[in-house]
Novice: 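Mind having a look at this structure? Questions to follow.
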Amino acid sequence: MDYSKKIDKKWQARWDKEKVFNAKTQGDRRPKYYCLVMFPYPSSELHVGHARNYVIGDAVSRYKRMQGFNVLSPIGWDAFGLPAENQAIKHKIHPREWTLKNIQRIKEQLKSWGIGYDWPREIATCQPDYYKWTQDIFLKLYSKGLAYRKEAQVNWCDSCKTVLANEQVVAGKCERCSSEVIQKDLRQWFFKITDYAQRLLDDLSLLGDWPERVKLMQENWIGKSVGVEINFPVQDSKTILNCFTTRIDTIFGATFLGLSWEHPAIAELIKDSPNKKEIELFIEKVRNQPQSARLIDSFQKQGVFTGKFALNPLNGKKTPVWIANYILPGYGTGAIMCVPAHDTRDFEFAVQYKLDIVEVIRAKDKSGAPKTVSEVYEGEGIMVNSGQFNGLSSEQGKEKISDYLQENKIGKRAVNYKLRDWLVSRQRYWGAPIPIIYCESCGEVAVPDKDLPVVLPEVKEFLPTGQSPLTYIDKFIKTKCPKCGKAARRETDTMDTFVDSSWYYLRYISPQEKKTAFVSSDVNNWLPVDQYIGGVEHAILHLMYSRFINKFLMDQGLIDFPEPFKKLFTQGMIVKDGNKMSKSKGNVVAPDYIIDKYGADIMRLYILFMGPPEKDAEWQDEGLGGCFRFIQRALKLVDMLAECSQNSQSQPNVQEKELLRKIHSTIKEVTRDLEGNFQFNTAVSRVMELVNQVYKGINQATLGKEVLGQAVKTVFLLLSPFTPHISEEVNQILGNKESIFKSSWPLVNEEYLKEEEVEIAVLVNGKVRDKLKIDVSWSKQEVEKKALSLEKIKNALQEKAPKKTIYIDRKIVNIVT
RNA sequence: GCCGAGGUGGCGGAAUUGGCAUACGCGUCGGUCUCAAAAACCGAUGAGGGCAACCUCAUGCGGGUUCAAGUCCCGCCCUCGGCACCA
C-alpha cells in the first residue's frame, strides 16, 4: 500500500464525524486524563518548532486514550496582546482581523497535521464571552485588596509605549522588542502576588513531576532571604534608618550605612547640608541611568556622603550615612548596613571612598582585614572584634544578636523576597479593559457584575502613544458612577495578556457557561491538569502567574486544588543552522512543503524521532527521508502479509519464536518509553528494529502468515500515536471496522519473553574475549567450565590460573587472573 | 559572580542505571537493477595496525574506587540556559 495525502484527509474527516476527540466531561466511567498544550499565540502561522509542541501533546493524548483514559485535549487562542497588535499595526489592519485571520490559518495547519482536539471547546481570550470572566477575576482580586493601584517607579518600554511587568524585562530590555527599558513614575495597577510568595515557594514541593530546572528558576525568581531589620538612629535627627540584613553576625563590622537614591529619609537628612545641591545632582544622575547600564561588569560604584552619622545600636559607634548607586530602592528597606570586610560590593565602595574596613568574621585559613577584593571573606566563621559576641560562630551569633535586637526593641527578624507585585495595566488597545470606574465623589468604583463585560470598543487608531487608545473614545470613557449615578469616567488601560492566560485551562471544562467563569464542581473533577506541555520560556511568567491565580481561586473556595498543573513537560526548541527559527534570520522551516511531499505522518514521526523531546534539536531535511523510507518499508509488510500463503505450523519455528519475543519486548519497551518521560525518539527506534527483524525473517522465507500478521498489527498499533493516519488505514486493511483509537494499547505476553538460550560475553580481566551461548538453567560452575574451555579464552589466559570468576546472570562472565 | 543542564563516530543520538560502548536514523563507500541517472533494494562503515586469525586505543582532560566505569568519587577545561549589585 502507498501513503498519500488522501489518507490524511480521509481519516481527519472520520475522526471529526465519529467525535473521537470529543470528551464527555460528565458521565464517563473511564478515569479522566487532562492533556493540555500551551495554547498558541496567533501572531503568525506555525512552523515546525511550534509543531513539536502539538505533535507531542497529540501523541500523549492518543496514547492515553488507547490506555483506556477519558482524555480531554482542548485548544484555544491566546489572542490578546502586544505581538498581535504590533503585527496588525505593521500590516495596517485591525488587530482583531489580523488575529482572526491567523487563528483561521493555524487551525487549518493543526487540522492538516491530524492533531486531535476537542474543537467544540475552542476558546479565544479576545472574545467578550471569555474576557468577561477575565474581568470578573480581576474584580474578585480587587474586592480582596489584591488588585490595587499605586504610584511607583515602573518599567516603561518607549518603543511599545507601555509599562511592563518585572518578568517581561530581560537584562534591562523589553522582552518583546528588545529596546531599552526605562524607569518612570506612574500610577499603575498591580496584582499582589507577593502575598503568595511563601506559598508559591512552599508548594513547589508538591510538583514532583515538574522539571527540576523550572522549579529552581521559580525558586530563584521568588528569591527568599531570611534575616533581620535593625534600627540605626541618626545623630542630631529624629530619623531612624531601618536596614535589612541577612548577616547580622557582621554588625560590628558595619563601618557605613548605604541608602538607595530613592530612600524617603534623604530629604530630611540633607535639608541643612551645605552640599545639598551636589547630593541632589548625584541622585538625579543615578535616577536617569538606564537599567541595562547596571548589568555590565564595568559598572562603577558611586556614592555621596550625606554629612550625617548614624549610631550602631550594638556598640554605639558613629557610622557615616552614604547614598550609593548600587543599593536597590525596591528591595528590603532600601537601606543597608555596609560591612566592607565581608562583602565585596561594600569593600569596593569603601576602598573608593576611603572608609574603614574592620574584620569581624574569622575564617579558618584567613585573618586580618582584606586588602584586595579577592581577600574579602563572605562566608561564615568565628566572630571577632564583636564585643560580647566574640568567639561565637556566625550561626550562633545570628541567633543571639537577633534575640538581643528583639529584646531591646531595636530590630526584629524579617524575611524578604525578590518577587515584586505583578504590574498588570497596559497602555495599549488590544487587551481586556480593566473594569474600574472613577467617580469624582465616590473615587475608584468596581464595575458591577451585571455590567460585565466592559466591551473593548472599536477604534480607528490604535497606534501606541503612551496613552491607551481608549483615552480618545468619549463614548467609552463617559459613563455613570454605579454607586451615586453621577457622571464618571472609565479606566482606559487594558490588562496584560498574561492575565488572560493565567486561568484559561479552567474555562475549557465548560467553555459555554454563561453564569460563571467556570463550574466549580466540574473543574474540581477535571483538574489539576494531568499533563501540561509547552516551552521552557514560560518557566517563570505564565507558570508562576497561573499558580498564583489558582491559589487565589482556591482561597475563594471556588476550586479545591492548590496547584493547576500536576505534571509539566517542557519541550526543547527546534533550531535551524544552530539558530532559533525566525523570519528575520530567514531560517524558518514551514511545514506545508513537508505535508505536500511526504504527508503529515512523516513530519510527525520525524519531529518525534529527531532527538530527546526535552532538548533542543537541529532540523535536518534529510531526516525526513529516513522516516519516509521506514514507513515505506513498514507498509510493504502489509502487502507481503496479504500475499503470504505460508500457513503457520501449530508450533512456531525458531525464527517465529524469535520474532514473537521481539514483538513483545518491543511492546514492553515502547510502553516504558512513553510512560517514562516521553522518550519518543527511542520508542520509534525500537519499532524500526522490530520492522528490521521482520524483514530478516521474510528474507529467509521462514515466517508464517499468523506470526507475520501479529508483527504487522503490533508495528502499526505502536506507531499509531505518532503516525495516526497511516495506522488507521492499515488497521482498516487488516479488517477492523472501528477507529484504532477506540482499540486498546497492546499488552505484553511475558510467556514470549522467556528465553531458554542466551548469548553472554566472556571476559578475561574485564576485556571481552569471546561470546558464549548458554542454557539459562546452567549454574555458575557450568558456565565457568564452558567459558574456560573456549579456545580464545585459553589463549587470553596464557596458562595463568583464574583467581576468581564473576558471573552476572545472563549477561557476562568475567575471569580474573 | 551565583544557580542549573550538558560534553559519546563525519552528523542527530542509544546504552535496561556499575555489566558486551557506539542501538536506531542520517551521511559516506561498495554492489544489484538501468543505455544512463534517480528511486528502490542488499552489504560495509569509531580510529590505528596486520595478508590473516587477531591486536591496540577510544565516551572533554587528569587522577581514584572496582573483577568491571560513558555511568560512582576527587580535581580541572569547555559549551549552552537562567538570574544578575536582592545586602
Side-chain angles (χ1 to χ4, degrees), chain A residues 170-172 211-221 223-225 227 243-247 250 258 260 294-297 299 301 324-328 330-339 342-346 348-349 378 416-420 536-537 539-540 572-573 606 609-612 614-627 629-630 632-633 636 665 668-669 672 679 681-689 691-692 695 699 759-771 791-792 795 802-817:
Chain A
V170 179
E212 231 25 68
R213 63 172 169 159
V214 173
K215 287 190 278 182
L216 275 162
M217 278 163 78
Q218 292 212 358
E219 192 179 321
N220 291 338
W221 190 261
K224 182 182 182 178
S225 294
C243 300
F244 174 73
T245 180
T246 55
R247 290 300 303 272
T250 64
S260 82
R294 352 187 91 247
L295 297 176
I296 46 174
D297 290 341
F299 181 72
K301 290 195 174 49
N325 67 345
Y326 72 98
I327 297 160
L328 299 168
Y331 183 76
T333 62
I336 57 172
M337 56 174 232
C338 301
V339 185
H342 301 292
D343 184 298
T344 52
R345 299 157 302 182
D346 299 343
E348 280 172 36
F349 192 84
E378 293 189 316
N416 261 302
Y417 301 91
K418 287 191 206 173
L419 184 71
R420 306 294 149 83
V536 75
E537 67 273 16
I540 295 173
M573 243 189 323
Y606 174 56
F609 179 61
M610 64 192 301
E614 72 280 6
K615 285 201 199 145
D616 289 354
E618 169 79 30
W619 181 271
Q620 288 170 318
D621 264 10
E622 296 80 21
L624 285 166
C627 290
R629 278 190 288 278
F630 162 64
Q632 293 304 313
R633 261 163 74 78
K636 218 154 106 188
S665 69
K668 194 172 184 174
E669 286 165 346
R672 193 174 51 211
Q679 296 168 63
N681 54 328
T682 51
V684 174
S685 75
R686 292 185 208 285
V687 183
M688 287 173 167
E689 278 183 69
V691 169
N692 289 346
Y695 268 91
N699 290 344
E759 194 183 60
I760 64 164
V762 184
L763 289 69
V764 175
N765 292 324
K767 280 189 180 156
V768 183
R769 295 295 171 174
D770 206 353
K771 302 280 164 83
E791 272 312 303
K792 287 180 188 175
N795 284 340
K803 271 191 204 140
K804 66 171 172 177
T805 306
I806 290 118
Y807 176 54
I808 304 297
D809 194 29
R810 298 176 203 206
K811 277 182 185 153
I812 54 146
V813 55
N814 190 8
I815 298 157
V816 185
T817 61

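The basis for the numbers below is simple: all heavy atoms, side chains too, and nothing from hydrogens, waters or symmetry mates.
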Novice: Expressed as a whole number of Å, how far does the P atom of B:rA23 sit from that of B:rA39?
Specialist: 24 Å
Novice: I'd like the C1' distance from B:rC54 over to B:rA37, given in whole Å.
Specialist: 42 Å
Novice: What closest approach, in Å, do A:D616 and A:M573 show between heavy atoms, and which atom pair accounts for it?
Specialist: OD1-N, 2.7 Å
Novice: Name the orientation of the base relative to the sugar in B:rU17: syn if the glycosidic angle is within 90° of 0, else anti.
Specialist: syn
Novice: Determine: side-chain N/O of A:R769 to OP1/OP2 of B:rA68, distance under 4.0 Å, yes or no.
Specialist: no
Novice: Taking it one step at a time, do A:M337 and A:T250 satisfy side-chain contact (heavy atoms from CB on, under 4.5 Å)?
Specialist: CA-CA 9 Å; A:M337 56 174 232; A:T250 64; 3.6 Å; yes
Novice: Once Watson-Crick and G-U wobble pairs under 3.5 Å are found, how is RNA chain B written in dot-bracket notation, 5' to 3', with | for any base paired to another strand?
Specialist: (((((((..(((......[....)))((((((.......))))))((((....))))..(((((..]....))))))))))))....
Novice: Between B:rA14 and A:R686, is there an OP1 or OP2 to side-chain N/O distance shorter than 4.0 Å?
Specialist: no
Novice: When you get a sec, tell me which of B:rA40, B:rG4, B:rC83 is the closest nucleotide to the side chain of A:R629?
Specialist: B:rA40
Novice: Quantified in whole Å, what is the C1' atom distance between nucleotide B:rC78 and nucleotide B:rG60?
Specialist: 7 Å
Novice: Does A:K804 put a side-chain nitrogen or oxygen below 4.0 Å from OP1 or OP2 of B:rU66?
Specialist: no
Novice: Just label B:rG43 as syn or anti from its O4'-C1'-N9-C4 or O4'-C1'-N1-C2 angle, using within 90° of 0 for syn.
Specialist: anti
Novice: Could you tell me if A:D346 and A:Y326 have a donor-acceptor pair between their side chains, going purely by distance under 3.5 Å?
Specialist: yes
Novice: Here's a test of your reading of the structure: between A:V684 and A:Q679, which maps to the more 5' nucleotide of RNA chain B?
Specialist: A:Q679
Novice: Which residue, A:A761 or A:K792, contacts RNA chain B at a nucleotide closer to its 5' end, judged by nearest heavy atom?
Specialist: A:A761
Novice: How far, in whole Å, is B:rC80 from B:rG63 if one measures between their C1' atoms?
Specialist: 27 Å
Novice: For B:rA14 and A:N681 - does any side-chain N or O of the residue sit under 4.0 Å from the phosphate oxygens OP1/OP2?
Specialist: yes
Novice: Looking at every heavy atom in both A:I812 and A:Y807, which two are closest together, and how far apart are they?
Specialist: O-CD1, 3.3 Å
Novice: Roughly how far apart, to the nearest Å, are B:rU8 and B:rA69 at atom C1'?
Specialist: 14 Å
Novice: Above 12 or not: heavy atoms from other molecules or residues under 6.0 Å from NZ of A:K215?
Specialist: yes
Novice: Taking atom P in both B:rA36 and B:rG31, what distance in whole Å separates the two?
Specialist: 13 Å
Novice: Taking atom P in both B:rG25 and B:rC42, what distance in whole Å separates the two?
Specialist: 11 Å
Novice: Given the P atoms of B:rC29 and B:rA53, what is the spacing between them in whole Å?
Specialist: 26 Å
